[in-house]
Chemist: 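I am attaching a structure below and will ask some questions about it afterwards.
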Amino acid sequence: MDEDHARLEQAIAQAADAPEADLPALHEAIARELAAHFAREEDLMRAHDFPGLHCHLAQHKLLLEEARRPVAGGGGALRRRITVYIAQLVESHVLTLDSITAAFIRGEFAPANFDNLRLPIESGAR
Ligand SMILES: [Fe+2]
């Protein structure tokens, strides 16, 4: 997962000085890579019975919708969208839910630590 994150950060950083003509393809590539990364991460969470799975999946879905959202206003707007907005969304996700997930997989947290990350529909099932 760390290698995935590094690849994503590198692609996002490329948008800072890529020619404007290359930005739409780079935007699509970042969204594709993000979707592939999320799928791998979700498989890993399922394999480890991660208790915050549904919360994490919901955040992936929102993040992917934001990453795929078309951008009006030309190359400058798309460059800002990638290098500021998408970059911050990805970074904050990695620093919060991804780091908690990794800690759980390393055995540093117990399932009870994730009670606040459960969706209401899950609480009814417990
Ligand atoms: Fe994640």
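Note that ligands are numbered from 1 as they come in the structure, with each ligand's atoms numbered from 1 the same way. Keep in mind it's a predicted model, so treat the numbers as computed, not measured.
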Chemist: Please list all pairs passing the salt bridge (Lys or Arg N to Asp or Glu O under 4.0 Å) test where one or both residues lie in residues 9-21, with sequence neighbours left out.
Modeler: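 Checked against salt bridge (Lys or Arg N to Asp or Glu O under 4.0 Å) - neighbours excluded - no pair reaches residues 9-21.
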Chemist: When the ring centroid of H93 is compared with that of H5, is the distance short of 6.0 Å?
Modeler: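 Centroid separation for H93 and H5: 6.0 Å or greater.
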Chemist: Between E65 and R69, does at least one N-O distance fall below 4.0 Å, as a salt bridge requires?
Modeler: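 Not counted as a salt bridge, because no side-chain N and carboxylate O are separated by less than 4.0 Å.
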Chemist: Do R40 and D43 meet the salt-bridge criterion of a basic N to acidic O distance under 4.0 Å?
Modeler: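 Salt bridge absent between D43 and R40.
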Chemist: Under 2.8 Å from the Fe ion (ligand 1), which protein N, O or S atoms are there? Could you list them by chain and number?
Modeler: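 Metal shell, protein only: E41 OE2, H56 NE2, H60 NE2, H93 NE2, D98 OD1.
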Chemist: Is F38 isolated, or which residues cluster with it under the ILVMFWY side-chain rule of less than 4.5 Å, directly or via members?
Modeler: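 Members alongside F38: L8, I12, L23, L26, I30, L34, L63, L64, V71, L78, I82, Y85, I86, L89, V90, V94.
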Chemist: Excluding sequence neighbours, so at least two apart, what forms side-chain contact (heavy atoms from CB on, under 4.5 Å) with R32?
Modeler: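 In terms of side-chain contact (heavy atoms from CB on, under 4.5 Å), with neighbours along the sequence ignored, R32 is linked to E28, A29.
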